[in-house]
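Notes follow the structure.
What you see is a predicted model, and the numbers here were worked out from it, not measured in a lab.
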Amino acid sequence: MRMTKKQIAASSEQKFLLYTALLLIGMLLFWGIFCFTRLNFISAQSFIARIGTPLLGWQILLAIIVGLAVLLLCRKPPSAQFFSLKPYWLEIGICLLIWSVAALLWISAPVQNTYSIRQPVAPNYENYPYSDAANYTAGAHALLLGKDYPRQMIDKPLYLGYLALLNLLGGQSFNRVVNLQVLLLAMLPVTLYLIGKTLHSRSAGLILALLTIFKQLNVMATTPFVFHVATCKVMTTEPLTGLILALFLLFLLRWFKHPEKSLVSLLIAGGLLAAASLIRMVPLVLVPLTLFAIWAVLGWRLRPLLRPAILFVSIMIITLTPWMVYNLVIFDNPFTFIHRKTVSVVVEKRYSEYVEEQQTIPESTAVPQETQSPVPTLQAVSPAVPKATAPTGLSDLPFKRYVTLAAYILDRFVINSLTNLFVLPPRAFSDTLSSVFEHYYWRYTFHAVSDIESAVSLIVNFVVIATGIVAAWLQKKIIGLLPLGLNLGYNFGNALTLAAAGFRSVVPVDWSASLYFAVGVAVILQAIFNRQSVTSKPSGEQEQSDQARRLCLRTTISIYLVFVTAGALPLLVMFASPAVYPPADELKVIANLQAQPSVAPFLPPEKELYPFVSQQTTAVALRSRALFPRYYTPEQGDNTEESGVLATKPYSRLSFALVAPDLSEVNPGFKHPEIAPVLVNVNMPLEHPPAVFPHAVDASVIGCFDHLTSQINALAVVVHTNPPQIYASPRADLLMCDLP
């Protein structure tokens, strides 16, 4: 007996409600068990980060209103038939509008002082980077100066090549470099709009795009509350990785729509995933997951899997080949860039803390301090974060230690996964971000909800996300779960590295929860106002099938060439850039300065300067590119460290950084590129702010290298502008490097 259309619709509605209820119960149980028990053996300190950046009630309401307006306009007929007249140009117009709004709002948003962005001070009043962000920028300048690739960043070649291009275009204004990055990252809401439209509707895509724009604004506004963040104005790898992974998902979805007709999309997706892995290693975990998803979509058949699998893997290999060849030539191993990050860092350093038995050296066998080999003191390149304390009460047996390691990996995976689940704020009518961060479940302790309003907000949040996941599954089957798989896969790969939970580690995939939230909202709006089945296609938004395309040889070669060029970008920058600062002895540097009539009168006498540099073991005279000039008055500084060039000091001083200067004569450790810092800080007492000291300018420094702080205490600095600017320490005439 045949079922009527109403019976089929009712059956679909019941199935949808049942699946949503089951998923919601599972999410709430998962949340409750983890929050109230923490699995009983994980230290409370293992959770060391906020759970994310919230959206405000009015922002979510505005996005929902826009989505509802689009949903009503797309109804046929008669309200807005123009939406279907020229869909190609309509989509271009919507994408341009989203990109313009995102770029304008993000560029105009004020930059807050964070760990990775220092406060603007004289002479240029620009927000310069610090820690990892500063080292990445210095590494990019090293490539532009024709220096060898920094060995410490061997696993991030494409990111340094990308930063090199930004700094080449931005010149001596770091703010301009930041704005160029914002213009690129403003493509993220555009990409997410297209993903939301592909998975459900134009309404869902616009809601997701607006939520993404608002969330980035909130991230930049809440940096006083969440100090270790990655925004579109911070030079760290996470935002760019997030954009590339979103593009990867978009092209993968396009291929899944028509597997036999859009192999070009599969090639592009594979190249994008390889490019993301040249920025961060974690995306490599997604390779087997992607092949598994391809196999599932093709009906679990091996023969149809062969061709797309070969294409996907081959484009990845082609993209990685230039860097593997470079590693083979330099290190005799094409996989050194992977080995350095996985084995040398994760396994030998992080895992060993849990799986190796701690050994103590008897005092009688300890090496005397004076006979130990000198180890160069290098600048710290990673932010200090709270360290997870080892769980107590566990046996020292090897099996127990491996269980402990697995527990910490699971802990980080669960934390990062839960971090993405929060879209709604704890209070629906919170009018400020500061009030949101005062709430319990936005604190480090990861407490459960504490009042009725936050409990309702949490349940509604989970209901909408569960609705979106089930709707995507019922409409697209396994394709609808790809964003969820991308999120879980990336978080699992990140957990395997034992990286800090939360912070900026979840940024590359934190948009996936907002994606399902947007789909869930669109489904609810559709059921209320459009009166359609939540599992059917939205009216007025039927997807148009792509024209049949065969993968012609010319298209294939073009795609391969594009991605092999992308993989070779850091090498192209490095080899195309002439050596600006060839090796030169210190006396030659002094001779060149003394030969300039506008410089020589302001330096110490030549007859005193030569003996000082040649006879003092710590004296230096060098020339390199100067970055991030800062001038601090007494008691002013950035207290990110107890000592160092940015710490508060009782005197006025000028500080900046030199890109990879040759200090092998004063510190033998700098002869080894594996441990030589990519930048060295310079500190010099100075009574008045420098009149002219651009960012990314050539500078000569005469002073002494301090082994304790790995910085240069300068006596004189010559900024090679036109005309040159000379700044001298009050102790320059005495040729003494000791600071007051």
Side-chain angles (χ1 to χ4, degrees), residues 26-52 132 155 228 238 280-286 288-289 338-362 380-421 440-441 443-448 485 487-510:
M27 292 170 65
L28 290 174
L29 285 176
F30 182 61
W31 160 262
I33 292 173
F34 184 78
C35 288
F36 289 104
T37 68
R38 292 305 309 277
L39 305 182
N40 290 327
F41 53 76
I42 299 297
S43 165
Q45 294 183 12
S46 64
F47 181 79
I48 54 179
R50 307 278 189 179
I51 66 172
D132 285 356
D155 60 313
H228 295 269
E238 291 82 6
R280 294 182 64 85
M281 286 283 109
V282 177
L284 285 177
V285 178
L286 300 174
L289 297 177
I338 299 177
H339 183 275
R340 287 276 183 93
K341 187 66 176 179
T342 55
V343 177
S344 300
V345 175
V346 176
V347 176
E348 295 181 357
K349 295 182 180 180
R350 297 177 183 173
Y351 282 12
S352 62
E353 181 180 351
Y354 302 100
V355 301
E356 291 184 1
E357 186 176 358
Q358 299 296 325
Q359 298 180 355
T360 58
I361 302 176
V381 297
S382 300
V385 296
K387 194 174 185 179
T389 58
T392 58
L394 291 179
S395 171
D396 288 335
L397 293 176
F399 174 75
K400 292 293 185 179
R401 292 197 295 268
Y402 281 102
V403 170
T404 303
L405 173 62
Y408 271 96
I409 293 175
L410 176 62
D411 187 53
R412 281 163 170 76
F413 170 69
V414 173
I415 289 170
N416 286 336
S417 299
L418 285 175
T419 304
N420 300 147
L421 286 178
Y440 277 120
Y441 75 48
R443 293 184 181 176
Y444 284 95
T445 50
F446 210 64
H447 284 168
N487 181 291
L488 297 178
Y490 186 90
N491 285 332
F492 178 72
N494 207 44
L496 287 176
T497 67
L498 283 184
F503 284 133
R504 58 185 203 231
S505 61
V506 298
V507 168
V509 291
D510 68 348

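- When side chains are defined from C-beta on, Val506 counts as touching Asn491, because their heavy atoms get closer than 4.5 Å.
- Atom CG of Leu410 sits about 9.5 Å away from atom CZ of Phe492, to the nearest 0.5 Å.
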Under the criterion side-chain contact (heavy atoms from CB on, under 4.5 Å), I'd like the reasoning laid out for Leu498 against Ile409: C-alpha separation, chi angles, the key distance, then a yes or no.
CA-CA 6 Å; Leu498 283 184; Ile409 293 175; 4.0 Å; yes
Checking side-chain contact (heavy atoms from CB on, under 4.5 Å) for the pair Val345/Asp155: CA distance, chi angles, key distance, verdict?
CA-CA 11 Å; Val345 175; Asp155 60 313; over 6 Å; no
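- Applying the side chain to side chain contact (heavy atoms under 4.5 Å, CB included) test between Phe413 and each of Leu496, Asn494, Leu488 identifies Leu488 as the sole match.
- Looking at Ser344 and Lys349, their side chains never come closer than 4.5 Å, going by heavy atoms from C-beta outward.
- Checking Arg350 against Tyr408 by side-chain atom types alone, no donor-acceptor pair falls below 3.5 Å.
- Contact annotation: the side chain of Tyr351 approaches that of Val346 to within less than 4.5 Å [non-hydrogen atoms, C-beta and beyond].
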